[in-house]
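Report on the following structure.
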Amino acid sequence: MREGIHPEYGPVVFRDRAANYAFLTRSTMTSEKTIEWEDGHTYPVVDVEISDVSHPFYTGTARVLDTAGRVERFERRYGKKG
């Protein structure tokens with residue numbers, strides 16, 4: 001790789017505030033906020049809206065859309081052509 005053109009790659013804590021869950025990984029993302037991690041070191045922290053702990057697909061709380069109800073409502077509203 002060429003020197004000086006790539007972003008810094010280092011440890012970062014990603015925190016899912018909705019699920020009260022955080023994990024330490026490596027990333028090129030950075031932040032002004034910091035957090036003291038379990039190992040006693042201070043790392044930049046990036047707050048995320050959703051993670052595997054709070055995403056409906058992974059938690060099994062995914063909602064199924066009522067598509068049949070939508071079709072029936074459309075047909076009632078605009079009439080069914082026969």
Side-chain angles (χ1 to χ4, degrees):
M1 293 193 309
R2 288 181 29 199
E3 294 292 324
I5 64 169
H6 300 286
E8 191 70 29
Y9 185 71
V12 177
V13 174
F14 286 93
R15 179 172 52 189
D16 182 355
R17 298 196 135 218
N20 197 21
Y21 175 73
F23 59 93
L24 176 66
T25 187
R26 293 176 50 89
S27 176
T28 58
M29 290 188 73
T30 184
S31 174
E32 298 292 323
K33 298 181 205 173
T34 60
I35 189 170
E36 187 171 334
W37 193 242
E38 300 158 354
D39 61 3
H41 292 89
T42 302
Y43 299 107
V45 62
V46 176
D47 291 324
V48 294
E49 296 289 326
I50 197 161
S51 69
D52 63 323
V53 176
S54 61
H55 193 282
F57 179 80
Y58 296 107
T59 60
T61 59
R63 296 181 301 167
V64 177
L65 294 176
D66 181 21
T67 55
R70 289 182 178 185
V71 170
E72 291 168 2
R73 188 173 32 201
F74 177 83
E75 288 175 350
R76 264 187 280 126
R77 189 176 292 167
Y78 299 107
K80 187 175 182 179
K81 293 187 178 184

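For the numbers below, each heavy atom of this structure counts, side chains included, while hydrogens, waters and symmetry mates do not. Keep in mind the model is a prediction, meaning the values are calculated, not measured.
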So which atom in Pro44 and which in Pro11 form the shortest heavy-atom distance, rounded to 0.1 Å?
CD-O, 3.7 Å
Ignoring hydrogens and angles, write down the donor-acceptor pairs under 3.5 Å from the side chains of residues 20-32, residues two or more places apart or on other chains.
| from | atom 1 | to | atom 2 | distance (Å) |
| --- | --- | --- | --- | --- |
| Ser27 | OG | Met29 | N | 3.0 |
| Ser31 | OG | Lys33 | N | 3.1 |
| Ser31 | OG | Val45 | O | 2.9 |

In this structure, would Ile50 and Val13 fall into the same cluster of hydrophobic residues linked by side-chain contacts under 4.5 Å?
no
Shared hydrophobic cluster for Val53 and Trp37 (ILVMFWY, side-chain gaps under 4.5 Å):
no
